[in-house]
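First the structure, in the form of structure tokens, and then the observations on it.
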Amino acid sequence: MKNHISYIVILLYLCVGCTPEKAQISIPVAARSLIPYPNEVIPADQGFLIDANTTIYAGTNLESQAIAQQFSSRFTKASGITLVSVNESKLATNSIHFVLDSAAKEITNDEGYLLKITPDRMIVRAKAMPGLYMGLQTLFQLLPDEIEPDAMHTDIVWGVPGVTINDAPQYAYRGAMLDVARHFFSVKDVKRYIDLIASYKINKLHLHLTDDQGWRIEIKSWPKLTEIGGTSAVGGDQGGFYTQAEYRDIVAYAKLHHITIIPEIDMPGHTNAALASYPALNCDGIARPLYTGMKVGFSTLCVDKELTYKFLDDVIRELASLTDGDYIHLGGDESHVTSKQDYNVFLTKAQAIVKKYGKNVMGWEDIQSAGISDETIIQHWTNADIATLGAKQGASVVLSPAPKTYLDMKYSKDTKIGLTWAGVTPIDNAYAWNPASLLKDVPASQIIGIESPLWTETVVDMEAIEYLAFPRLIGHAELGWTQEKNRSWESYLKRLKSHQNRLKIRKVNYYQSPLLE
Ligand code: ACM
């Protein structure tokens with residue numbers, strides 16, 4: 001026993017003042033698949049090795065500490081190694097730094113970041129939290145694939161390529177849309193979608209909360225919307241809805257991932273679920289039957305009734321109180337049984353109500369006919385001329401051209417789920433277009449981003465969501481983030497091919513396109 005103790009003392013003595021030897025590591029940055037591809041990537045010879053002696057430093061800012069914590073906990077889960085958190089940056093070699101520096105001049109954008117990896121340190125620097133979060137996503141992509149949740153791998157060398165990355169997004173709005181009205185998806189499913197899209201720096205999740213087939217958000221002042229209108233879904237499948245507490249939970253979860261939820265109440269058409277719940281909302285005072293088919297364009301709120309605007313006011317007031325972002329989406333598409341004049345009267349009033357509750361209006365391009373302000377975002381989906389008329393009124397434009405971005409379009413004629421009304425959209429077709437030149441008469445400065453809608457008439461579960469969204473949504477994320485000069489189908493395809501392994505590790509039910517072989 002005595003001998004044993006002195007042996008330990010000698011070892012400690014030998015190590016006083018020494019830094020544990022680190023193996024050198026050299027991994028080409030091209031060996032990692034960065035998607036979306038950053039603005040500037042400058043490779044260096046020697047990379048960084050994370051080992052049991054690596055420390056992590058995030059300064060005194062609680063928010064950057066939270067980012068460091070996200071890194072540590074994912075790393076520990078994947079590796080079994082616990083990283084020691086330190087509070088003194090300058091001393092530590094073999095350390096990982098998350099630095100929030102609001103004065104950083106070289107970073108021009110709140111979502112921008114600088115990432116520098118040398119043998120001694122890995123530093124992620126940003127001027128605002130969104131940037132630090134985006135840098136964290138890139139850092140995860142620079143680690144071995146096994147950093148992807150959810151298994152532990154104790155046999156991995158946790159090497160990171162030497163590199164300097166200076167990055168910022170091309171567009172501020174990088175969105176996905178999930179239709180939870182045609183089929184309902186649980187809070188758990190929505191959170192899984194958030195987890196997945198956040199990895200690709202998508203920062204908006206538009207939830208299509210109401211449609212003919214279902215009303216999915218609790219409105220306390222109009223409880224039958226969910227008691228009745230929440231019970232149906234396409235094909236007679238099970239309905240459902242989010243309580244306000246559940247919805248707040250989704251909003252908070254999204255916020256942790258630097259994603260803003262944009263809620264849509266589609267109106268004055270696409271409202272059968274509301275018209276089935278409250279007879280008085282119909283012009284004839286007769287409730288409509290619940291609808292489980294797939295037709296569009298047959299329903300409308302009653303534009304002449306005062307009650308319609310009381311209803312709208314209550315719905316928007318409650319929804320605004322649940323919304324942390326600036327925008328509420330009013331839909332406005334395919335109101336085929338509302339007269340043009342009624343449509344414009346209705347949307348003028350609806351827009352005023354959104355403003356009254358402190359939010360700005362987003363809507364499908366169709367809403368431009370009512371007159372829109374330059375604070376409005378219109379979402380282009382089918383008619384370039386109509387979207388251009390909206391842009392001429394000063395509105396910002398989000399691009400969701402159906403043949404390119406509608407994730408419910410089939411990959412090929414043989415795809416089992418999905419629709420084909422806008423064509424079939426293989427993965428190269430989804431990627432190979434340029435947002436800046438899609439609408440030729442709209443100045444590039446008014447295009448604020450792109451969004452990939454997933455309509456769910458034929459989509460019944462999370463597996464189907466993943467099948468249609470992945471990998472096309474990953475390509476859209478690159479279109480939204482990466483500058484045109486850094487994009488090419490060949491480069492993207494190469495990266496996506498090796499990125500598949502991460503999708504497999506995360507058990508994403510993605511479409512294994514023949515193009516990926
Ligand atoms: C839409 O696809 N009706 C916006």
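Order of appearance sets the numbers: ligands from 1, and atoms from 1 within every ligand. Note that this is a predicted model, so its numbers are computed, not measured.
In this structure, Trp481 has its ring center at least 6.0 angstrom away from the ring center of Tyr37. Taking the centre of each ring, Tyr193 and Phe185 stay at or above the 6.0 Å mark. Residues His499 and Tyr200 place their aromatic rings such that the two centres sit under 6.0 Å apart.
Listed by chain and number, Asp333, Glu334, Trp364, Trp381, Tyr406, Trp455 each place a non-hydrogen atom less than 4.0 angstrom from ligand 1.
Looking at residues two or more places apart in sequence or on another chain, you find no salt bridge (charged side-chain N to carboxylate O under 4.0 Å, His left out) involving Asp333. Residues satisfying the ring-ring contact (aromatic ring centres under 6.0 Å, His included) criterion with Trp222, sequence neighbours excluded, are Tyr278, Phe311. Shown here are the ring-ring contact (aromatic ring centres under 6.0 Å, His included) partners of Phe184, two or more places apart in sequence or in another chain: Tyr242.
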